[in-house]
Engineer: 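The structure is given below, and queries will be raised subsequently.
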Amino acid sequence: MKIIVLAAGKSTRFKSRKHKALHNLLGKTILERTLETLWKLYPSQIQFVLGHQLELLAQELKQGETFIEQTEQLGTAHALQIGLSNLQSITEGILVTCIDTPLLRAETLENLIKQTQKSSAQIGLLTAELDNPFGYGRIETINNQIKIIEEKDASTAQKAIKQVNAGVYFFNMPLAQIQAGLKAISNKNSQKEYYLTDMIEWALSQNLKVVSEKCSDSEEILGINSRLDLEKAIQALSQRKIKQLQAEGVSFLNSNSCLIAPEAQIGMDSIIGLNCQILGSTTIGENCQIHNNCFIQDSSIGDDTQIRYSQIVESHIGKACLVGPFANLRPNTQLADNVIVGDFVEIKNSQVAGNSKIPHLSYIGDASIGEQVNIGAGTITANYDAILGIKNKTQIGNNVKVGSNCVLVAPIEIADNCFVAAGSTITESVKTKDSLIIARQKQIVKENWVKEKSLKNFELNR
Ligand code: UD1
Ligand code: MG
């Protein structure tokens, strides 16, 4: 079975300089999401009909995904005509779909194919019933004869029809017969376009059999024509995932305020607060608390961990950790179990071993921190060499206690069990364990200085 995806349209309603198929739908493009579903049907080939911004889309295609150009966008029937033009014959039918319906499930498409084959029909048509059918082709059935009327051509009575066309067709007939049907379609309609939907009326006039399969979840057929549709698709995909997670034992305080990617995994008894975005291939363990306003992308989080008001990207957090509020964990941050990262702490490309704490106001970059370490408030790793333009490493051993407001100028190494005095700027490595390291000016106290100073001022002012 081959699949043809119609994707040459200009998407004028979407209003973008970028093809609508390249817009983001919860971490993947509309194109990627559509392809993911279509490959689940094991087609021998997926052929795109491209036109508008052909180069941009063509460079996204992978093995088994071909394209053919529709230079003038004369309508969906014309697009299919072009899509079929380099095929020699059809075996096991051909599925035709549009690039802008990424919520369709593979099972829905499989069912359409099966039902068409089972009833020995020549065309299978996917339909749905929508409370608000605006914008979709309406399916009018009179005396068992199906006709599809586009929004712009529909009468008031036809506009009230809730049964709509999903834009997905399975053709179970010889190539020449499909081509004959497409040839018979005219563009006498309000948009002066060749509508693929007119194939249905033609097929019935030729005594061919058409079956229509109603999609049980009408949300699946959502066509992304505008920004409003894109928002609806993002919400729908996220809600689909949230329903699945709730069924698996995950709590949401207000799921409508959250966005959860289909790829994310969350363990039982975890609680997700308000306004959380959990994106990419994120894995969250069991019994975690993700408090309000967290943004977590492509990260893994162990069981029993709590995250508050924080951003975590491409990082790993172990079990029973506390992160935030207001922590920023940038790519390749690795926290082992029982680590505490507190408020206003930024970490990137660093490893922190078990039971260590970075509780307040720190920057840790390109560092490796041992077990049971405490990093005092305001401590930073000065990792950037502005002359060479490189980042240097900081290595802190086990049980090291770094006092508040220290600067560790990398490259630097601090041995196990060392104490670094508060306010120190450390520029040289200390490789001897159990040392106290002080790198600050000795305090000077000038007794009676204030009094003397005031006296002088007093005299000058006279
Ligand atoms: C289409 C259907 C409508 C259905 C809806 C479902 C037609 C005439 N109408 O309407 O019945 O309810 O989908 O979402 O088919 N395209 C081309 N070349 C063209 C024109 C369009 O490749 O010359 C492609 C577009 O890129 C798009 C698809 O065909 O992927 C459908 O076109 P679109 O303009 O989105 O049609 P709708 O108005 O959504
Ligand atoms: Mg559309």
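All ligand and atom numbering here is 1-based and tracks the order in the structure.
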Engineer: For Thr66 and Gln45, test the side chains for any donor-to-acceptor distance below 3.5 angstrom and give the result as yes or no.
Structural biologist: yes
Engineer: Using a 4.0 Å heavy-atom cut-off, say whether His52 meets ligand 1 through its side chain, its backbone, both or neither.
Structural biologist: neither
Engineer: Measuring to protein heavy atoms, does anything land under 4.0 Å from atom 1 (C) of ligand 1?
Structural biologist: no
Engineer: From the options Ala8, Gly51, Gly75, select the one whose nearest heavy atom is closest to atom 19 (C) of ligand 1.
Structural biologist: Gly75
Engineer: Among all the protein's non-hydrogen atoms, which is closest to atom 5 (C) of ligand 1, and how far away is it?
Structural biologist: Asn165 O, 4.0 Å
Engineer: Go through it in stages, so that I can follow the logic: the residues are Lys147 and Glu140, the test is salt bridge (charged side-chain N to carboxylate O under 4.0 Å, His left out), and I'd like the CA-CA distance, side-chain angles, deciding distance and then a yes or no.
Structural biologist: CA-CA 5 Å; Lys147 190 178 170 187; Glu140 190 182 54; 5.4 Å; no
Engineer: Pair Phe14, His19 - check ring-ring contact (aromatic ring centres under 6.0 Å, His included), show working.
Structural biologist: CA-CA 9 Å; Phe14 198 77; His19 196 291; 9.1 Å; no
Engineer: Side chain, backbone, both or neither: which part of Ala166 has a heavy atom under 4.0 Å from ligand 1?
Structural biologist: backbone
Engineer: Under the criterion side chain to side chain contact (heavy atoms under 4.5 Å, CB included), I'd like the reasoning laid out for Ile390 against Tyr384: C-alpha separation, chi angles, the key distance, then a yes or no.
Structural biologist: CA-CA 6 Å; Ile390 54 164; Tyr384 184 50; over 6 Å; no
Engineer: I need the contact type for Asn225 against ligand 1. Using non-hydrogen atoms and a strict under-4.0 Å cut-off, is it side chain, backbone, both or neither?
Structural biologist: side chain
Engineer: Can you tell me if Lys357 has over 12 outside heavy atoms packed within less than 6.0 Å of its NZ?
Structural biologist: no
Engineer: Which residue and atom name correspond to the protein heavy atom nearest atom 30 (O) of ligand 1, and how close is it?
Structural biologist: Leu6 O, 2.8 Å
Engineer: What is the closest protein heavy atom to atom 32 (O) of ligand 1, and at what distance does it sit?
Structural biologist: Thr76 CG2, 4.0 Å
Engineer: Quick check: are there more than 12 heavy atoms from other residues, nucleotides or ligands sitting under 6.0 Å from CD of Glu248?
Structural biologist: yes
Engineer: May I ask you to list the atoms of ligand 1 that are less than 4.0 angstrom from any heavy atom of Ile99?
Structural biologist: 30 (O)
Engineer: Record the part of Arg13 in heavy-atom contact with ligand 1 below 4.0 Å; permitted values are side chain, backbone, both and neither.
Structural biologist: side chain
Engineer: Using modelled atom types only, decide if a donor and an acceptor are shared between the side chain of Tyr136 and the backbone of Gly223 within a distance under 3.5 Å.
Structural biologist: yes
Engineer: Is a side-chain donor or acceptor of Ser356 paired with a backbone partner of Val373 at a separation under 3.5 angstrom?
Structural biologist: yes
Engineer: So between Glu150, Lys152, Lys10, whose heavy atom ends up nearest atom 10 (O) of ligand 1?
Structural biologist: Glu150
Engineer: I'd like the name of whichever of Gln73, Glu193, Gln70 reaches closest to atom 18 (N) of ligand 1 through any heavy atom.
Structural biologist: Gln70
Engineer: Looking from the Mg ion (ligand 2), what is the angle between OD2 on Asp100 and OD1 on Asn225, to the nearest 10°?
Structural biologist: 90°
Engineer: As a check for students: among Ala128, Cys98, Ala79, Gly9, identify the option with a heavy atom nearest to atom 28 (C) of ligand 1.
Structural biologist: Cys98
Engineer: Return yes when Asp100 approaches ligand 1 closer than 4.0 angstrom through a heavy atom, no otherwise.
Structural biologist: yes
Engineer: List ligand 1 atoms under 4.0 Å from Tyr195, heavy atoms only on the residue side.
Structural biologist: 8 (C)
Engineer: Please report which non-hydrogen protein atom sits nearest to atom 13 (O) of ligand 1, along with the residue it belongs to and the distance in Å to one decimal place.
Structural biologist: Gly167 CA, 4.5 Å
Engineer: If you look at every heavy atom in Asp198 and Ile148, which pair is closest and at what distance?
Structural biologist: OD1-O, 4.3 Å
Engineer: With heavy-atom distances below 4.0 Å as the criterion, list the atoms of ligand 1 near Gly137.
Structural biologist: 3 (C), 4 (C), 11 (O), 12 (O)
Engineer: Return yes when atom CG of Asn144 has more than 12 non-hydrogen atoms of other residues, nucleotides or ligands closer than 6.0 Å, and no otherwise.
Structural biologist: no
Engineer: Between the main-chain N or O of Ala236 and the side-chain N or O of Ser238, is there a donor-acceptor pair closer than 3.5 Å?
Structural biologist: no
